[in-house]
Amino acid sequence: MGRYAMRRLFLTIPLLLVISFVTFVLLNLSPLDPVEAVLHARDIPQITHELIAQTKGELGLDRPFFIRYIHWLTACLHLDFGKSYLTGKPVSSLIGPAFLNTLKLTFVASVVIIVGSLLLGVVCAMKEGTWVDKSIRGLAFFVTAMPAYWLGSLLIWYWAVKMDLLPTSGMESYRSYILPVSVISISYAGIYFRNVRSAMLNNLNEDYVLYGRACGLSEIVITKHIVRNSLQVAVSIFCMAIPTILGGTVVIENVFAWPGLGSLSVKSIMGRDFPVIQAYVLVLGVAFVGFNTIADLINAAMNPRLRNNMS
């Protein structure tokens with residue numbers, strides 16, 4: 001297992017390098033000159049060619065492309081993402097707190113999604129073809145088709161405005177989590193429980209289920225084995241669900257004024273704050289690679305045959 005883990009971790013290095021390079025290249029291909037964005041952020045009334053050249057020298061934008069990339073990548077390895085064009089503050093001081101706030105929201109929502117998806121998936125699989133299965137899948141299809149911003153607005157109108165029970169924005173207490181977590185959970189649990197259901201149905205058709213019933217094992221014992229064998233697929237799904245939720249909270253955070261990465265990214269895009277945008281994309285890319293690696297390691301630990309085939 002240790003050899004496989006080291007090999008898997010080693011393979012993430014070139015992937016992370018590709019992500020960092022693509023992130024740096026795409027933002028440098030923007031038609032807007034970052035120097036002009038900096039000067040506009042400083043409220044300079046008249047932008048001259050001399051001032052543009054001077055600012056390029058200050059920001060190091062007059063150096064060759066690959067030199068700038070190596071310098072930026074080296075700084076990122078030390079968690080130095082540069083300074084914000086809009087505020088002049090270090091990007092890490094902006095990304096850090098926002099990332100923690102988004103991570104809190106993601107963690108709470110992920111727990112709800114995992115529990116809800118497992119329960120719904122198991123129930124639908126065990127009740128395949130019945131009205132229970134069809135009703136749950138039909139309701140899930142309906143709620144997941146709702147736009148997140150529209151669903152969030154409805155919940156705000158009813159629970160916060162009409163009933164006056166929950167806050168509309170911020171993260172002052174545990175009650176602030178209820179509405180955004182509800183929207184995220186409804187949007188994602190309705191998708192992931194179908195994967196759990198599919199994995200359960202695949203295991204229901206395996207020979208060991210037939211032999212277990214032929215030997216007189218109770219349905220409770222058989223269900224435990226089916227759930228355990230289906231967890232391998234569920235682990236992969238949920239490990240990838242976490243970074244997906246982490247990057248998909250942009251709409252939710254803006255609807256509920258949650259001070260996280262989503263709100264910060266929108267402000268940075270509107271203000272052409274390139275260093276913050278680069279850091280945001282890089283953080284999400286690393287999160288996807290990291291959780292994908294974790295999923296592979298967990299699957300390998302749960303299934304030795306998979307580990308031996310991939311070693």
Side-chain angles (χ1 to χ4, degrees), residues 13 15-106 169-171 243 246-254 257-290:
I13 296 177
L15 183 57
L16 292 174
L17 288 175
V18 170
I19 291 174
S20 66
F21 183 76
V22 171
T23 301
F24 190 80
V25 168
L26 289 180
L27 286 179
N28 277 270
L29 293 177
S30 172
L32 180 66
D33 190 348
V35 175
E36 295 184 8
V38 174
L39 296 177
H40 283 302
R42 295 175 181 176
D43 294 328
I44 296 178
Q46 186 175 2
I47 300 176
T48 62
H49 294 290
E50 292 78 9
L51 187 57
I52 291 177
Q54 180 183 349
T55 307
K56 277 188 176 182
E58 293 175 359
L59 299 176
L61 297 177
D62 56 344
R63 291 178 291 182
F65 173 80
F66 284 102
I67 298 298
R68 285 189 286 122
Y69 168 69
I70 296 298
H71 177 77
W72 174 77
L73 180 60
T74 304
C76 288
L77 293 176
H78 294 87
L79 299 181
D80 179 11
F81 302 103
K83 291 186 178 181
S84 169
Y85 289 167
L86 298 179
T87 64
K89 297 180 180 179
V91 174
S92 57
S93 66
L94 301 175
I95 288 286
F99 179 75
L100 290 178
N101 293 337
T102 299
L103 197 61
K104 293 176 184 178
L105 183 62
T106 301
S169 61
M171 49 179 298
L246 193 67
T249 57
V250 176
V251 174
I252 305 301
E253 289 184 0
N254 281 276
W258 191 271
L261 281 178
S263 301
L264 179 64
S265 66
V266 171
K267 293 178 182 178
S268 302
I269 292 171
M270 297 299 293
R272 306 296 192 272
D273 201 345
F274 289 92
V276 178
I277 299 172
Q278 282 181 324
Y280 171 74
V281 175
L282 185 64
V283 167
L284 289 185
V286 172
F288 270 94
V289 174

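Atoms considered below: every heavy atom in the structure, side chains included; atoms not considered: hydrogens, waters and symmetry mates.
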#### Entry: Which atom of Ala279 lies closest to which atom of Ile95, heavy atoms considered
CB-CG1, 4.0 Å
## Note on the structure
The side chain to side chain contact (heavy atoms under 4.5 Å, CB included) partners of Asn101 (sequence neighbours excluded) come to Lys104, Met171, Trp258, Pro259
#### Entry: Set of residues satisfying side chain to side chain contact (heavy atoms under 4.5 Å, CB included) with respect to Pro97, sequence neighbours excluded
none
### Message
Let me confirm one number: the CG-CD1 distance from Leu105 to Ile252, rounded to the nearest 0.5 Å.
### Response
8.5 Å
### Query
By side-chain hydrogen bond (donor to acceptor under 3.5 Å, both in side chains), which residues pair with Ser268, not counting sequence neighbours?
none
Show me the donor-acceptor pairs within less than 3.5 Å that the side chains of residues 15-25 make with the rest of the protein, sequence neighbours left out.
from: Ser20; atom 1: OG; to: Leu16; atom 2: O; distance (Å): 3.4
from: Ser20; atom 1: OG; to: Leu17; atom 2: O; distance (Å): 2.7
from: Ser20; atom 1: OG; to: Tyr69; atom 2: OH; distance (Å): 2.8
from: Thr23; atom 1: OG1; to: Ile19; atom 2: O; distance (Å): 2.7

### Query
What are the two closest non-hydrogen atoms of Phe81 and Cys76, and how far apart are they?
CD2-SG, 3.6 Å
### Approximate separation, where rounding is to 0.5 Å, of Ile269 CD1 and Leu264 CG
9.5 Å
### Arg68 backbone acceptor or donor facing Arg63 side chain under 3.5 Å
no
### Summary
Minimal heavy-atom distance between Asn254 and Gly262, with the atoms involved, is ND2-O, 3.7 Å
### Task
Could you tell me which residues satisfy side chain to side chain contact (heavy atoms under 4.5 Å, CB included) with Leu103, sequence neighbours excluded, listed by chain and number?
Phe99, Leu246
### Validation row: Val250, Tyr280 side chains within 4.5 angstrom (heavy atoms)
yes
Exercise answer: donor-acceptor pairs, residues 86-94 side-chain atoms, under 3.5 Å, sequence neighbours excluded:
from: Thr87; atom 1: OG1; to: Ser84; atom 2: OG; distance (Å): 3.3
from: Thr87; atom 1: OG1; to: Lys89; atom 2: N; distance (Å): 3.3
from: Ser93; atom 1: OG; to: Pro90; atom 2: O; distance (Å): 2.5

